[in-house]
Chemist: 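Quick one: structure below, then a few questions.
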Amino acid sequence: MSYLLSKPLTLAAFMAIGLVGCNNSSQTPTDAAATGDATTTEAASNANGTLQKIKDSGTIVVGHRDSSIPFSYIADDPNQPIGYAHDLEMKVVEAVKQKLNMPDLKIRYNLVTSQTRIPLVQNGTVDFECGSTTNNEERQKQVAFSNGFFEIGTRLLTKSDSGIQDFADLKGKTLVTTAGTTSERYIRQFNDENKMDINIISAKDHGESFLMLENGRADAFMMDDVLLAGEKAKAKNPDEWVIVGEPQSFEIYGCMMRKDDPEFKAVVDEALTNVFSSGEINSIYDKWFLNPIPPKNVNLNFEMSDNLKTLIANPHDSAQPKAAPAQ
């Protein structure tokens, strides 16, 4: 977490989906497991810029997640990521096509995880990623971020009869979180500083984190509340689970790309700003948060928060949420 706030964030429960691992599109597949051998380095990519790299290759490589519901995930088609962030990602792709005058530009989807997403962007394997990646000051030293497109709070998912109501109730308990996330860093620091004796388990993705919780291997699952709501909704019995605790931070999601490439960042930011200013963001939001979503067609009934409305009205790429300007 990059900072702490005391103001609670109003959030609602949502979504359902079974996970299928995948990393491909209708174009050429990319094996994320092999990306450590990528020959394209960050320095080489930045020498001519991402737009030149895309133009030379004829392909834009888009990073996606497989279980960040409903931002970027796999549902019915194992070769096609979907979600709120993915729809915004496709707006960026269209903007790149126009910028380069390449209407037939090929798209290659590359699966990333919480742990691999930053290095895969840095080394040029992925040109950019829009999912559920928090923009914070530490990550800004490694990658660049677009204007934000969502704001969340970090909380806990637990059984309704667990007796856990807030973070103070975790003393001596077992908690699971997803490896490589800001939640993992925060809870380890919280545990050390407060001598809570929490047994912290790090799972490889959000689906595995919830499975550990559901199977009784953990007493609570800490993550962005919007993602917790998605795991709750896909549970066998959603009513058994509750999202609790005062948010320990408020964080902004943004699209991630390589540093020191202002030309490409300008294209990404302009694409998002156009979606915001035209009002198209409202229909995209409604599609994923106020209507049934695949694969189980559950309606999340998750109204847009005032915090997100402020972010859309006043786009920025800062790690810290900004208040609405005085009227």
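Residue numbers run from 1 in the order of the sequence given. Since this is a predicted model, take the numbers as computed values, not measurements.
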Chemist: Does Arg108 reach the main-chain N or O of Val61 with its side chain, forming a donor-acceptor pair under 3.5 Å?
Modeler: no
Chemist: Taking the side chain as everything from C-beta on, heavy atoms only, tell me whether Ile281 gets closer than 4.5 Å to Phe149.
Modeler: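 Result no, sub-4.5 Å side-chain heavy-atom pair not found.
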Chemist: Can a donor-acceptor pair be found, under 3.5 Å and without considering hydrogens, that links the side chain of Ser57 to the backbone of Lys53?
Modeler: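 Pair found, side chain donor or acceptor close to backbone of Lys53.
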Chemist: Heavy atoms, side chains only, cut-off 4.5 Å: are Lys171 and Ile198 in contact?
Modeler: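 Heavy-atom side-chain distance check fails, nothing below 4.5 Å.
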Chemist: What is the distance from atom CG of Asp205 to atom CG of Asp66, rounded to the nearest 0.5 Å?
Modeler: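 So the CG of Asp205 and the CG of Asp66 are separated by 6.0 Å.
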Chemist: Enter the distance from Leu156:CG to Leu175:CG here, rounded to the nearest 0.5 Å.
Modeler: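 With rounding to 0.5 Å, CG (Leu156) is 6.5 Å from CG (Leu175).
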Chemist: Is it the case that the side chain of Ser162 and the backbone of Lys159 share a donor-acceptor pair, with hydrogens and angles ignored and the cut-off at 3.5 Å?
Modeler: yes
Chemist: Would you say that Glu151 contacts Glu251 through its side chain, given a criterion of any heavy-atom pair below 4.5 Å between the two side chains?
Modeler: no
Chemist: Test side chain to side chain contact (heavy atoms under 4.5 Å, CB included) on Thr158 and Val242 and set out the steps.
Modeler: CA-CA 6 Å; Thr158 188; Val242 291; 3.9 Å; yes
Chemist: Taking all non-hydrogen atoms of both residues into account, name the closest pair between Phe289 and Pro70 and its distance.
Modeler: CE2-CG, 3.6 Å
Chemist: Kindly indicate, with the supporting measurements, whether the criterion side chain to side chain contact (heavy atoms under 4.5 Å, CB included) is fulfilled by Thr177 and Tyr186.
Modeler: CA-CA 10 Å; Thr177 190; Tyr186 171 80; over 6 Å; no
Chemist: Sub-3.5 Å donor-acceptor pair from the side chain of Asn101 to the main-chain atoms of Gln98, do we have one?
Modeler: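 The answer is no, because no donor-acceptor pair under 3.5 Å joins these two groups.
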Chemist: What distance separates Asp260 CG from Lys265 NZ, expressed to the nearest 0.5 Å?
Modeler: 12.0 Å
Chemist: Under 3.5 Å, is there a donor-acceptor pair between the side chain of Asp269 and the main chain of Ser146?
Modeler: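 No; judged by distance alone, with no hydrogens or angles, the pair does not exist.
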Chemist: Is there a donor-acceptor contact under 3.5 Å linking the side chains of Asp224 and Tyr253?
Modeler: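 Result is yes, a qualifying pair exists.
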Chemist: Between Asn191 (side chain only) and Ile187 (backbone N and O only), is there a donor and an acceptor less than 3.5 Å apart?
Modeler: no
Chemist: Could you tell me whether the side chain of Asn135 and the main chain of Asp317 form a donor-acceptor pair under 3.5 Å?
Modeler: yes
Chemist: When you check the gap from the basic side-chain N to the acidic O, do Lys287 and Asp87 get nearer than 4.0 Å?
Modeler: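 Salt bridge between Lys287 and Asp87, a charged N being under 4.0 Å from a carboxylate O: yes.
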Chemist: Please check if the side chain of Asn194 supplies one atom and the backbone of Met196 the other of a donor-acceptor pair under 3.5 Å.
Modeler: no
Chemist: State plainly whether the residues Glu184 and Arg188 are in salt-bridge range, i.e. N to O under 4.0 Å.
Modeler: yes
Chemist: Run the salt-bridge test on Lys91 and Glu94 with the 4.0 Å N-O cut-off and return the result as yes or no.
Modeler: no
Chemist: Do Phe128 and Ile60 touch side chain to side chain, with heavy atoms closer than 4.5 Å?
Modeler: yes
Chemist: Quick check: do Phe71 and Leu88 have side-chain heavy atoms less than 4.5 Å from each other?
Modeler: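 With C-beta onward as the side chain, the pair stays apart.
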Chemist: Please tabulate, for side-chain N and O atoms in residues 211-223, each donor-acceptor pair with protein atoms closer than 3.5 Å (sequence neighbours left out).
Modeler:
from: Asn215; atom 1: ND2; to: Leu211; atom 2: O; distance (Å): 3.4
from: Asp219; atom 1: OD2; to: Thr174; atom 2: N; distance (Å): 2.8

Chemist: Please check this pair: side chain of Arg185 against backbone of Thr182, looking for a donor-acceptor N/O pair closer than 3.5 Å.
Modeler: no
Chemist: Please determine whether side chain to side chain contact (heavy atoms under 4.5 Å, CB included) holds for the pair Phe145 and Thr133, giving the CA-CA distance in whole Å, both sets of side-chain angles, and the decisive distance to 0.1 Å.
Modeler: CA-CA 9 Å; Phe145 283 91; Thr133 300; 3.8 Å; yes
Chemist: Testing the basics here: between Gly207 and Ser67, what is the closest heavy-atom pair and its distance to 0.1 Å?
Modeler: N-OG, 4.2 Å
Chemist: How long is the span from the CG atom in Leu311 to the NZ atom in Lys309, to the nearest 0.5 Å?
Modeler: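 NZ of Lys309 is found 13.5 Å from CG of Leu311.
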Chemist: Take Asn136 and Gln140, measure what side-chain hydrogen bond (donor to acceptor under 3.5 Å, both in side chains) needs, and give me the verdict at the end.
Modeler: CA-CA 6 Å; Asn136 62 29; Gln140 287 177 358; over 6 Å; no
Chemist: To check you understand the geometry: which heavy-atom pair defines the closest contact between Gly131 and Ser72, and what is its length?
Modeler: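 So the two residues come closest at CA-CB, 4.1 Å.
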Chemist: Show, in sequence, the C-alpha distance, side-chain angles and deciding distance for Val112 and His64, and conclude whether the side chain to side chain contact (heavy atoms under 4.5 Å, CB included) test is met.
Modeler: CA-CA 6 Å; Val112 302; His64 76 93; over 6 Å; no
Chemist: Is there a donor-acceptor contact under 3.5 Å linking the side chains of Thr50 and Asp127?
Modeler: no
Chemist: Are any non-hydrogen side-chain atoms of Arg155 and Glu246 less than 4.5 angstrom apart?
Modeler: no
Chemist: Could you pull out the closest heavy-atom pair between Leu227 and Ile69, with the gap in Å?
Modeler: CD2-O, 3.5 Å
Chemist: Hey, does the side chain of Arg258 reach the backbone of Val126 with a donor-acceptor pair shorter than 3.5 angstrom?
Modeler: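 Present.
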Chemist: Decide ring-ring contact (aromatic ring centres under 6.0 Å, His included) for Tyr84 and Tyr73; before the verdict, give the C-alpha distance in whole Å, the side-chain angles of both, and the deciding distance to 0.1 Å.
Modeler: CA-CA 9 Å; Tyr84 171 80; Tyr73 69 104; over 10 Å; no
Chemist: How long is the straight-line distance from CG of Leu170 back to CG of Asn199, given to the nearest 0.5 Å?
Modeler: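 So the CG of Asn199 and the CG of Leu170 are separated by 11.5 Å.
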Chemist: When you compare the side chain of Asp104 with that of Lys97, does any pair of heavy atoms fall below 4.5 Å?
Modeler: no
Chemist: Please walk me through it: do Thr178 and His206 pass side-chain hydrogen bond (donor to acceptor under 3.5 Å, both in side chains)?
Modeler: CA-CA 6 Å; Thr178 304; His206 306 320; 2.9 Å; yes
Chemist: With the side chain counted from C-beta on, respond yes when Thr134 and Ile252 share a heavy-atom pair under 4.5 Å apart, and no when they do not.
Modeler: no
Chemist: To check you understand the geometry: which heavy-atom pair defines the closest contact between Ala179 and Ser202, and what is its length?
Modeler: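 So the two residues come closest at CB-CB, 4.0 Å.
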Chemist: Using a distance-only test with no angle check, is there a side-chain donor-acceptor pair under 3.5 angstrom linking Thr154 and Ser183?
Modeler: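 Distance-only check fails for Thr154 and Ser183.
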